[in-house]
Each structure stands twice: as C-alpha cells, then as structure tokens.
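This report concerns only the one structure given below.
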Amino acid sequence: MERYNFKKIEDKWQKFWEDNNSFSTQIDHSKKKFYCLEMFPYPSGKIHMGHVRNYTIGDVLARFKLLKGFNVLHPMGWDSFGMPAENAARQNNLDPRTWTEANISNMKSQLKKLGLSIDWNREISTCTPEYYKHQQEFFLELYDKGLVYRKEQYVNWDPVDQTVLANEQVIDGKGWRSGANVERKKLNQWFFNISKFSEKLLENLNTLDEWPNKVKVMQKNWIGKSFGCEVSFKIENSKQIKNINCFTTRPDTLFGMSFIAVSVDHPISKLYENDKEFIKFKKECSTTGTTEEAIANAEKLGFKTDLIAINPLDNDIKVPVYFANFVLMDYGLGAVFGCPAHDQRDLDFALKYDLEVNTVVRPNKTDSTFKVIDKAYTGEGYIFNSSFLNNLKCPEDSIITTIDYLEKNNLGKKQINFRLKDWGVSRQRYWGCPIPIAYDEKGNPKKIPKEMLPVKLPNIKKFETSGNPLDNLLEWKNIIIDGKKYVRETDTLDTFVDSSWYFLRFCSPKNKDYGFEESEIKYWMPVDQYIGGIEHAILHLLYSRFFMLAISDGNKKIDIDEPFKGLFTQGMVCHETYKTQDGNWLSPDEIQTIDGEKFEKKDNTKKVVVGPSESMSKSKKNIIDPEKIIQNYGADAVRLFILSDSPPEKDVQWSDEGIASSYKFIQKLWSLNQKIILEISRNHKFDSSENLEKYTNIYLKKMSDNLDSFSYNVLIANIHEMCTYLNKETSNKYTSKTLANNYNKILITLLPIIPHFASECLELNKFKINQEWPEYDEKKLIEENVKIVVQINGKKRGLLQAKRERSEKNLLLDIEKDNKLNKYLNNKKILKVVFIKNKIINIIIKQ
RNA sequence: GGGGCGAUGGCGGAAUUGGUAGACGCGUUGGUCUUAGGAACCAAUAUGGCAACAUGUGAAGGUUCGAGUCCUUUUCGCCCUACCA
C-alpha cells in the first residue's frame, strides 16, 4: 500500500489554492459575512510555534465558516515598524527596510507552507507609505477633533533605547525591551486623549459577551474607575497656599483625620524648592526602588511642612501637612487626607510620626470598646465619634451623606476618578510612522497639509549608536509650507498606533483616498472573531477600542463602537528547558536520552539538567523550529498536533511523541481512505445503512458543536473515534452509495483541520471539492433503544437496554426479571423511585 | 495588599451543564508478525482485592434520590495588578 506522501500532496494543494485564488474575498450582500482575524505578526525573521498555534486556530475557524456558507474575510499582514529592525540595522549596518522586507518574504513563505486559508491579495504592511499615509491622516483628523494634544510631561525615559516608554511598557520599573532602569525626564510629547473615553471604554465592556471574562476584568482594573469626592482643606497659616484639595473614596472617615499628605511633585512643593532638607527628601523618594519587593517593604517616609490644615467638617480639628513618598502626583489630586484608623498606609505613617489614631468606624453599633491599635479597620460597620454621621451604616449610607453635606456647604464635590491616563504616542525613534507636524520659529505646531502626505520616512545611510537619526537629517527636517519655514517633528508614533486600526485597513487594503471605505467597513466590521495572545489583553486591545471610538466620534456614518465582537486568547506553546551543569541553556537539538529519564549532551555525553516546561523563548533555547517540523512531518500533522493535546485557551506542551503520533494518525487515516475506496468499488449488496447513517449523524453533531465552542482538542478525539469506528464497521456491510454518501460527509469535516489531506481524499474518491458543511439531522439523533442507568439508593448497579419512552412501571418489572439487578431489591420495601425518562431510574429501598 | 483563574489516573486532558467519572491521546505492560525494530497490528491499563465488592475528582462540611459539577469553610498552585487615596 502506498504511504501518504505529504510533501507532494501538500505542495499540490497549496499551489491549487494559490492558482485558483481560493480564499480571495469580495463583498457579497447575498451572503452572511464572517471576519476572522488573528493578531498579525511582527516580522522578526522566522515564524515560531506560537504563530503556528495562533494561525492554526484561526484557520480552522475560517475554513469551518467558509464551509458553512459564510463570506469569510481572513487576511494577513505585518506589524512591520519597530525597534528590532532599527537595532538590526545598527548592528549589521544595513537599512531597516531591507531587513524587514527580507523577513516578511521569508515568513510569508513559511505561513503558506502551513496551508492557511488567507486572502493574500489583502496583505498589508504597516511600514509602507501606502499604509502609514492614512495613519497620518487619522492623526490630523483626531487633532482636529481635539483628541490629540501636545504637552510637557514627565515621561518614562529608557536610557538604553534612548526613547520614551508608555506606562504600560514599564515593567517593575524597567524598560519592557531593554530591561534598563527607567528614568524620569520632562519632554514635550504628543498624547491621544484616551481618557476622554474612560467611561465609554468601561461601560462597553458589558456589551462584549464573546470576550473572555479575564480580559474584561483586566481592562476594568486598568481603567480603574473609583467613586468618591474632592474635599477642600483650608490652610490657616500660609499667605501663598489657601487650600489643599484631596480626592478620597472615603469622605465618611473625615472625622478620623489626623494629617494631610501630598506628593513631592504637588504644586505646593514650589514653596520649598530652596529648602535643602526638602530637596534631599525629594531625592530620597525618587531613588526608592521600584521593584515589587521594594514597594511592598518600602517604609513610609514623610517631610513635615509648617502648614496647618483645617478639617472642613469640624474647624476645631487642625492637622499637620506632610510631603509623603507614598502619595503619587499621577493619581487623583496628588494629595490625600490621612485617616490612620481605617487605612493601613495611613496607619503605618501615623505610627512612625506619632500622629493620632482616631477610630470612627466600628463593626457593631453598640461595641463601645472597639478601637484600632495596629491594624487598620477597613470593613463594613457603623460610624461613631463623628458628629452628624454617627450610627450611619458604613460605607453605603455614610459616604452619600458626607458628600451631600460637603456639596451643600461648598466644601467639596462628588467626583469620579479614573486610573487610565492619556496615551503618550511620541517615540524618539527612526523606524516608525512620522508624525505629520512641523513647527514654526516660535515652536507652534502646524499640521502638514493633506496634499503633502504621506510624510515619508527618509532613507538613512548610517546609523549612529543611539538616539534618533531624524534629528540630524537637516535636509529632511527643514521644510517650507506656503512659503514659510518650518521644522519637522522628528519623533515617530508608537507602533501600537499602527496596530490600532489595521483591522479596518484589511477591509479596504488598496483604497487610496482614506484608510478605509465606509461601505466596506460597514459590511465587514466588526471582526467576528479575533484571536491572539493574552499578553495584549490591555495595551493593544484597549488602544484599538479607543481608536474605533475616536474615528467614529462625531461621524454618524460609522456606527461601530467596538472593533472586536468575539475575542479568543490562546495559550502558549511550552517545552522543557535544559541546562548544562554549569548553568548554560541548551536547545532540544543539543541533547539526547536513552531511557527517557536521564538526558545528556550529544557531543560530549555530559549530564544535562532538565528544568520545568516553560513558554518557548529564544533566551531559554527551548524552541522547536516549525519549519523543520513541517519538513519532517508535514503541515497537516503539525496542525493536528498543535490542536490535539490541550484546549486552545490553555498552554500546550510540545512533545516529540505527540507530533510523531499525529503523523502516524494521518498515515492511519490514509490507509482507512484506501480501504474505503476499495470497499466502495466492491459495491456490496447488503446494506445495514442505518448504523452508518446514525453514526455519521452523531459524529456530525459532535464536530459542529466542538467547532462552535473552540473545543478543538475534543474535536480531534472525535476524529480518532471516527477512524476506529470506520475501520471496524465498513467491511462488507454497505452498498457503494451508502458508504460513499456518508464518507463524503465525514471527509468534509476534516477540511478545516487537515485541509491538504482531506482535499486529496475527496479528490481520490471523486467527490466534489467545494461542498457545504454537512448538517446533521436533529430528528435522527433520537435513539429507538436507550440505556437506562439503574441506581439502588443512589449507587449505580447496572445498565438496562430499553425501548425509548419505556415507563417507570415497566422498567421496575424489567429490573425484577434481571438476575444481576434483582438481588439488590430482594423483596425489600421500596420507599421511593426517582425516574428520569430515557435516562435513569433510582430506587430507594429500606436497608 | 487587591483582583482573577484553577486543582480529575504515571502525564496532557474528556464528562450532553446535577444523572454510567476517567472519552481521546501520550506513556507503561503483555501478545502477534518480523533477521531486527525506535515500524505495524491486537489486548490490558484509576486504586485495593483471586473474586464478589469496596474506595475514588486537593481537604472538611452542607443541599439533593443523586454532586467532578451547586453552597459554605479551608489548603495549595498559577496569572494579572499594585503605596490608586
């Protein structure tokens, strides 16, 4: 028997799909659309297993929807601006564009070898002027809408990469790429006014019912809405400072206040800018480590001012004002009032500086002994020691009452505060989208006129070691608009801007007038299923949601609020890690094993230390190259394996045994196919078609259900069962017609998963290649004979074959006749019978 | 500190959503064929027991005729987030 030649057959079908433009898509209003999108890759050079998993999951869905008769949009592109290109250029003295384009062409051919159903006619690349021209238009459009502005601000400066980082790109106080300690620096920056949509971005999360809850929770926390009020405190002893305003979520604890703490960056710090002690304190605050432990263990430090603040609810309560290291200028108003009894930080601070601890909330109304000593009480309870607030239920009633009082007496106002900050998009980098702005002699920004777009990124011959080469490119920097001299903005846009609208561009990839055509996004948007890694749960997804709101803001023709209707976050691909005994990482290629337990290095047979399985990464060398695997086992085997071992949303363990087993399984399916071709040609006279038809019908239901619910690992199990069943059941039992009819349907169900193999089998069987997904018949799922579980006192004691709808009474008679079952009853008194038709009978007897 | 998720054989994982726990795969064991097999095929594989049977979904309780699934408490693990006022 001829073995399955995956090389020949996979090449054949990939060529067929390409020659026939099988996956190119046009608007077709007679069909329902389905927009299936996987997060596009950064062209780093080669695809990795994470891509294989991501794009296989998406392809299964896209092909399934195509078979179901949807008009499927399944595009692919390249997130091709960004620092690696620039770094490679510096290191190897070449042009980032050349490097990027070579990578794209290599990765594209790798992706094609996976047999993905992608409409390559819609391919886009964000580093091309055809793409970023429209991004510049959007920038100016948002500028006109007041959603883009420029301000001087402290920024996170990465001294190694010589660039500004967004808050989200700073992890544990270090740059997310360079790992260098991030410094604070004041620069003029461009911002997107994302905080304008805080409420909307939060509210809309409720409408995203096809998103993982986890991602919604993460975004909710990131947006960080808190309800409270602004309270104004009079300062009684200063000419310059009359008031300090604080934001609080717990105004009801005002009577327990014993100090005010403000950030060292608070405006009142101006009063102390010449105070040597204060300067020293401020410096101390900024050098406190930013690692997790440092923050957790950081001591609360204060610098006492001579200011005295008055409690607005009781003018006799006068408290000192401190600068404190735990108050951040970034959040709220950069000032808090301290109520040590009911906030742990305030309590730590109070104990250190010997401030009063006044308990004003107690768990019970009447517990007169309750007093906070060394642990702040933040639970529910009742207010006391607080004048007009006494005995109010806390926090619900007490907060509302306090805010009412403050507002009526002009002492404060209700306020909702968000943690979400505006998005700083300026990057001091070359390889990004130029910001379409120039400055006049006075430094005022001017929009580059539309007809002068795109502002093309000039070619750079030589890269200096650091900084932005655009700064030194005078012939590009100096520009004349309407006869006047201007200097260009040399910062480029954060690459997250590029990916914030690419899903719109896919709808109209060639449109020259604008980033998209309204009629086209009206048809295709929103993305029905977006698939990618959980690492983008906040940044990319939030920015994209913002961009959609920003573009449709004030444009009634675009009524799309949310870009991604469904979101699926796939797990990572993991592999064991290996190290030499002196701690150097080893790749799986460098090691071998004899017994599967002890591992040694191939070249010198030295012992290898096997570490835990972790997400594949270059730094740990635990990577498996998809290209080699495709070469050895074929794309279908890789697709099959990457789906089979774990549910797609969980991490999957790469294993040599696993991929080998998938390969073998395809061979097994191949021999099944040969066998069935032979059986069909024999045309048996017998026909117990009912069995096969019934089986096929159940199988189709399972396949459809599991495809709909992303249970792809269970789907593969269904295929294994099918293979075993057909191998057993198809010998000498069916007429050609019955067998061909059912087998044809089964083969179609393999198309989404192992498309080359399934296409080849369809062709060999002379079945049509383009067929619709076979639907199952709901009526035929009903079995005439059913198995009834028999329980005695809730314990399973056996099974009973019975006709459908058999009554409780008759089943009891059956049980009495059954030798295995009747011994349990043994003339004992039946107290109760629980009977669920066609399912279970539970007999309760006296013991 | 706050939030989220999870815990099922040697391993990855199934379980129609309250109704036969362990589908399917890996691994292991035995067998067939073979010069040989790291190939193919067949069989077994939760635990204890010769068996009947008993036990069994991190732990303890509860609801129920019936709980992996629901409720309460608890332990452990993973992830996110963080001096957020």
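Letters go in sequence order (proteins before strands), and every chain restarts at 1. Only heavy atoms go into these numbers, but all of them, side chains included; no hydrogens, no water, no symmetry mates.
For A:Trp211 and A:Phe568, the distance between ring centers is not under 6.0 angstrom. Ring centers of A:Tyr322 and A:Tyr353: under 6.0 Å apart, within the cut-off. Separation of the A:Phe6 and A:Tyr633 ring centroids does not fall under the 6.0 Å cut-off.
Of the candidates B:A21, B:C79, B:G25, B:A21 carries the atom nearest the A:Lys796 side chain, counting heavy atoms from C-beta on. Distances were taken from every side-chain heavy atom of A:His720 (C-beta onward) to each of B:A23, B:G25, B:G3; the shortest belongs to B:G25. Checking B:G27, B:A82, B:C80 against the side-chain heavy atoms of A:Glu657 singles out B:G27 as nearest. Here the nucleotide nearest the side chain of A:Asn213, chosen from B:G13, B:G25, B:G4, is B:G4. Closest to the A:Lys787 side chain, of the nucleotides B:U81, B:U20, B:A85, is B:U20. Distances from the side chain of A:Ala717 to the nucleotides B:A85, B:A23, B:C83 place B:A23 closest.
A:Ile719 comes within 4.0 angstrom of no nucleic acid atom, judged by non-hydrogen atoms across all strands. Counting any heavy atom pair closer than 4.0 Å across all strands shown, A:Gln653 reaches no nucleic acid atom. As judged by a 4.0 angstrom heavy-atom cut-off over every strand, A:Thr249 is placed among residues touching the sugar-phosphate backbone only. Using a 4.0 Å heavy-atom criterion, one finds that A:Ile836 contacts the bases of the nucleic acid, with or without backbone contacts as well. Among the heavy atoms of the strands lying under 4.0 Å from A:Val327 is at least one base atom, whether or not backbone atoms are also near.
When the side-chain nitrogen and oxygen atoms of A:Lys214 are compared with OP1 and OP2 of B:C5, none of them lie within a distance under 4.0 Å. Checking the phosphate oxygens (OP1, OP2) of B:U55, a side-chain nitrogen or oxygen of A:Lys795 falls inside 4.0 Å. Residue A:Ser644 places none of its side-chain N or O atoms closer than 4.0 Å to OP1 or OP2 of B:G25. Side-chain N/O atoms of A:Ser646 include none lying less than 4.0 angstrom from OP1 or OP2 on B:G12. Neither OP1 nor OP2 of B:A39 sits under 4.0 Å from any side-chain N or O of A:Arg3. For B:G25, the OP1/OP2 oxygens have no side-chain nitrogen or oxygen of A:Asn713 closer than 4.0 Å. An OP1 or OP2 oxygen of B:A54 is reached within less than 4.0 angstrom by a side-chain nitrogen or oxygen of A:Arg797.
For the pair A:Lys300 NZ and B:A82 C1', the interatomic distance rounds to 12 Å; values are reported in whole Å.
Taking atom C1' in both B:G3 and B:G48, one finds a spacing of 43 Å when rounded to whole Å. Taking atom C1' in both B:G22 and B:G56, the straight-line distance is 11 Å, to the nearest Å. One C1' atom belongs to B:C79, the other to B:A46, and the distance between them is 30 Å to the nearest Å. Nucleotides B:A67 and B:U17 place their C1' atoms 12 Å apart, quoted to the nearest Å. Rounded to a whole angstrom, the distance from the C1' atom of B:G62 to that of B:G18 is 16 Å. B:C71 sits 14 Å from B:G4 when the P atoms are compared, rounded to a whole Å.
Contact between A:Glu356 and A:Pro340 at its shortest, heavy atoms only, is O-CG, 3.4 Å.
In summary, A:Lys300 and A:Asp346 do not engage in a salt bridge, as defined by a charged side-chain N under 4.0 Å from a carboxylate O.
For the pair A:Arg3 and A:Trp670, the cation-pi criterion (under 6.0 Å, within 45° of the ring axis) is not fulfilled.
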